[in-house]
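See structure below.
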Amino acid sequence: IIKRYKETRRSHPLAEECDSLEGAIALERRMLAPLRERAEFVVDTSDLSTAKLRGELLRLFGRGSQEGAMTVSVTSFGFKHGLPREADLVFDVRFLPNPYYVQELRPRTGLDDGVRDYVFSGGAAGEFLEKLQDLVGFLLPKYVEEGKTALVVAVGCTGGHHRSVAIAHALAAYIRSILTMFLLSSAVILIVCGILCMVLARRITWPIEQISQAAKRLGGGDFTARAPVTGCQELADFATTFNNMAGRLQNIDNSRGQFMGNIAHELRTPMTSIKGFIDGMLDGTIPESEYKHYLGVVSQETGRLARLVQNMLDITKLESGEVKGTPKNYDIWSTVTDVVLSDERRIEDGKIDIQGLGPTGTMVYADPDFIHQVVYNIVDNAIKFTPPDGVIKFDIQQENDMVRVTIENTGDGIAPDALPFVFERFYKEDRSRGLNTRGSGLGLHICKVLITLSGGQIKAESEMGKWCRFTFTLPAGKTE
C-alpha cells in the first residue's frame with residue numbers, strides 16, 4: 001500500500017492527522033475494523049493487480065456473470081442538461097433536422113413514427129447511422145477482448161427528446177439484432193458441433209464396441225468371432241491385429257481337436273489288435289499251436305504303441321522348448337554312416353543298393369542327437385518304401401555357410417497334392433506310396449521340428465512312380 005501511494009504521489013486522506021504514511025494507514029485500519037468484522041467478504045488487495053482485483057470482484061459479486069460478458073446501454077441526452085457522467089462514447093446529432101421547429105412534432109419524442117421519419121428524411125441521418133453502426137460493430141469485440149464489462153453509448157441533441165432519441169433507438173435495435181444474430185449463430189453452431197461430436201464419437205466408439213463384443217465371444221470359446229476392420233487407421237490396425245490373433249487361436253483350436261482325434265485313432269488301432277488276439281487266445285478261437293505267431297504280432301503292436309507314445313512325448317517337449325539342443329562342430333558323414341550301418345540287415349533283406357556313401361569330412365554346427373534322429377527317420381522311410389533292387393542315394397554339399405544333405409530313394413513317390421502336408425502331424429499318404437500303415441505319421445513332423453531348431457530348413461520332392469527326395473540344410477561348421 002505504501003508503494004502505491006508513493007508511485008501515484010498522492011497523500012493519504014488521514015495524512016494530516018498522523019506524522020507519517022504508515023501511521024495514516026494504521027489509523028485507517030483501526031477505523032475500518034468494525035466494518036471488517038461485519039463484512040461477509042474480505043479482499044486483500046496487497047498483491048492484486050487491477051485485472052486480478054476485477055476478476056476477484058466478478059467472482060464474488062458478479063451474480064453469475066461470465067468472464068468476457070459485457071453489458072451495452074444506449075441512452076439519449078440533451079446538451080443543455082450536460083453530458084452524462086457514465087457515458088463511454090458520446091455522439092452529437094445536432095446537425096440533423098430538428099423536429100422541434102415543426103409545430104405538430106414538438107410535443108412528441110423520437111419514438112414516434114412522424115418524428116423519426118422527419119429526422120431521417122434528409123438522408124444524412126441514414127448515412128450517419130450506417131457509419132455509427134459500423135463503428136460500434138467494430139468496437140464491441142475490441143472492448144470485450146480488453147475486458148470491459150459495461151459500455152454506455154450516449155447520443156445527444158439540444159433538448160434530448162427528438163433527434164437523439166430517434167438515433168439512439170435505431171442504434172439500440174441494431175445492437176439487439178447483432179446480439180440476436182450472434183445468439184442464434186452460437187446456438188446453431190453448438191447444435192451442429194454437438195451433432196458432429198455425437199457422430200464422431202459414435203464413429204470412434206462403434207468399432208471399439210464391436211471389438212469388445214468380439215473379444216467377449218472369443219473369451220467365451222467362439223473362435224470364429226471377428227471384429228469389423230473400420231474406423232480410423234489406429235482402430236483398423238487394432239481390429240486387424242485382433243482378427244489375426246483370433247485366427248491363430250482358431251487354428252490352434254482346430255489343430256488341437258485334430259491332434260486329439262488322431263491320437264485317439266492311432267492308439268485305438270494297435271490296442272484293438274492286441275485285445276482281439278488276446279481275446280482269441282482266451283476263448284479258444286486261436287489254437288494253441290499258433291500262440292507264438294500271434295504273440296509276436298501282439299509284441300509288434302505293443303512296440304508300435306510304445307513308439308507312438310514316445311514320439312508324442314518327444315514332440316511335446318520339442319515344441320514347448322523343454323528340450324534344448326547342444327550344437328557343436330562335427331562331421332555329418334559320421335551320422336549318415338552310423339544310421340546306414342545300423343539298418344544294414346534291413347537293407348540287405350530288401351535288396352536295396354546304397355549309393356553316394358563316400359565320407360569327405362563335411363562339418364556342420366548342430367546337435368548330433370537331433371540330426372541322428374532326422375537321418376534315421378528319413379532313411380527308415382526310404383527303406384520301407386524302396387522296392388526290391390531299388391536305390392537309396394546320399395549327397396552332401398557345402399554351399400557358402402550352409403550344408404545341404406539330400407536323401408533320395410526310388411519307388412512310387414509322393415502325389416503332388418500330398419507333398420505340402422507330409423511334414424504335418426499324423427499325416428499318412430497311403431494311396432500314392434502304398435504307405436506302411438503301421439507307421440504313426442509323426443516321424444517327418446519330428447524331422448521338421450528338429451531341423452528348424454537347428455537353424456535349417458527341410459523340404460520334400462517327388463516324381464510319381466520314379467523317386468522321392470528329402471533335402472535339409474544345416475549351418476556349416478569349421479574344420480578343426
Side-chain angles (χ1 to χ4, degrees), residues 10 13 50-51 53-55 57-189:
R10 295 181 180 179
T50 304
L53 176 59
R54 172 180 168 276
L57 293 177
L58 283 175
R59 185 183 67 82
L60 294 174
F61 308 109
R63 300 181 183 275
S65 298
Q66 297 181 351
E67 186 72 18
M70 183 176 68
T71 302
V72 181
S73 301
V74 181
T75 184
S76 63
F77 71 96
F79 278 97
K80 67 180 182 179
H81 303 297
L83 294 174
R85 292 184 177 182
E86 70 278 10
D88 297 294
L89 299 175
V90 178
F91 298 97
D92 186 355
V93 295
R94 287 178 291 183
F95 64 91
L96 298 176
N98 192 352
Y100 179 81
Y101 297 108
V102 180
Q103 188 65 34
E104 63 271 18
L105 298 180
R106 181 178 298 176
R108 302 181 185 179
T109 68
L111 297 177
D112 293 327
D113 293 337
V115 175
R116 186 168 54 253
D117 293 341
Y118 183 84
V119 171
F120 283 90
S121 62
E127 184 179 356
F128 169 75
L129 181 61
E130 289 180 2
K131 296 183 180 300
L132 182 59
Q133 290 172 347
D134 292 341
L135 177 62
V136 172
F138 170 77
L139 291 176
L140 286 180
K142 301 298 182 182
Y143 284 138
V144 172
E145 182 179 349
E146 188 268 340
K148 195 173 182 63
T149 58
L151 177 67
V152 178
V153 181
V155 182
C157 62
T158 304
H161 292 290
H162 300 101
R163 293 169 290 182
S164 60
V165 173
I167 297 298
H169 180 73
L171 180 61
Y174 170 74
I175 294 176
R176 280 194 297 269
S177 67
I178 291 178
L179 295 177
T180 302
M181 186 179 302
F182 173 77
L183 291 175
L184 289 176
S185 301
S186 300
V188 172
I189 291 174

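Atoms considered below: every heavy atom in the structure, side chains included; atoms not considered: hydrogens, waters and symmetry mates.
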| said: Could you report the tightest heavy-atom contact between Gly126 and Phe120, atom names first, then the distance? | reply: N-CD2, 3.7 Å
| query | So, for Pro97 and Val119, which heavy atoms are closest and what is the spacing to 0.1 Å? | reply | CD-O, 3.9 Å
| message | Quick check: do Leu89 and Leu135 have side-chain heavy atoms less than 4.5 Å from each other? | response | no
| query | Which pairs pass salt bridge (Lys or Arg N to Asp or Glu O under 4.0 Å) with one or both residues in residues 122-142, sequence neighbours excluded? | reply | none
| request: Please report the shortest heavy-atom distance between Arg116 and Leu111, naming the atom on each side. | output: NH1-O, 3.2 Å
| So how far is it from Thr71 OG1 to Lys148 NZ, rounded to the nearest 0.5 Å? | 11.0 Å
| Hey, does the side chain of Asp112 reach the backbone of Thr109 with a donor-acceptor pair shorter than 3.5 angstrom? | yes
| said: Give me the atom names and distance for the closest heavy-atom approach of Leu151 to Asp88. | reply: CA-OD2, 3.4 Å
| task | Find out whether Ile167 and Leu96 are in side-chain contact, i.e. whether some heavy atom of one side chain is under 4.5 Å from a heavy atom of the other. | result | yes
| task | Please report the shortest heavy-atom distance between Val153 and Phe91, naming the atom on each side. | result | CG1-CE1, 3.8 Å
| note | Shortest non-hydrogen pair, Pro99 vs Leu105, comes out as O-CB, 3.7 Å
| field | Test item: Val155 and Arg163 side chains (from C-beta on) under 4.5 Å apart, heavy atoms | value | no
| message | Has His162 got a side-chain atom pairing as donor or acceptor with Arg106's backbone, closer than 3.5 angstrom? | response | yes
| said: Run the side chain to side chain contact (heavy atoms under 4.5 Å, CB included) test on Thr158 and Tyr100 for me, step by step, so that the C-alpha distance in whole Å, both residues' side-chain angles and the decisive distance to 0.1 Å come before the verdict. | reply: CA-CA 10 Å; Thr158 304; Tyr100 179 81; over 6 Å; no
| query | From Leu183 CG over to Arg176 CZ, what is the distance, rounded to the nearest 0.5 angstrom? | reply | 13.0 Å
| query | Is the count of non-hydrogen atoms from other residues, nucleotides or ligands lying under 6.0 Å from Phe79 atom CZ greater than 12? | reply | yes
| query | More than 12 heavy atoms of other residues, nucleotides or ligands under 6.0 Å from CD of Glu145: is that the case? | reply | no
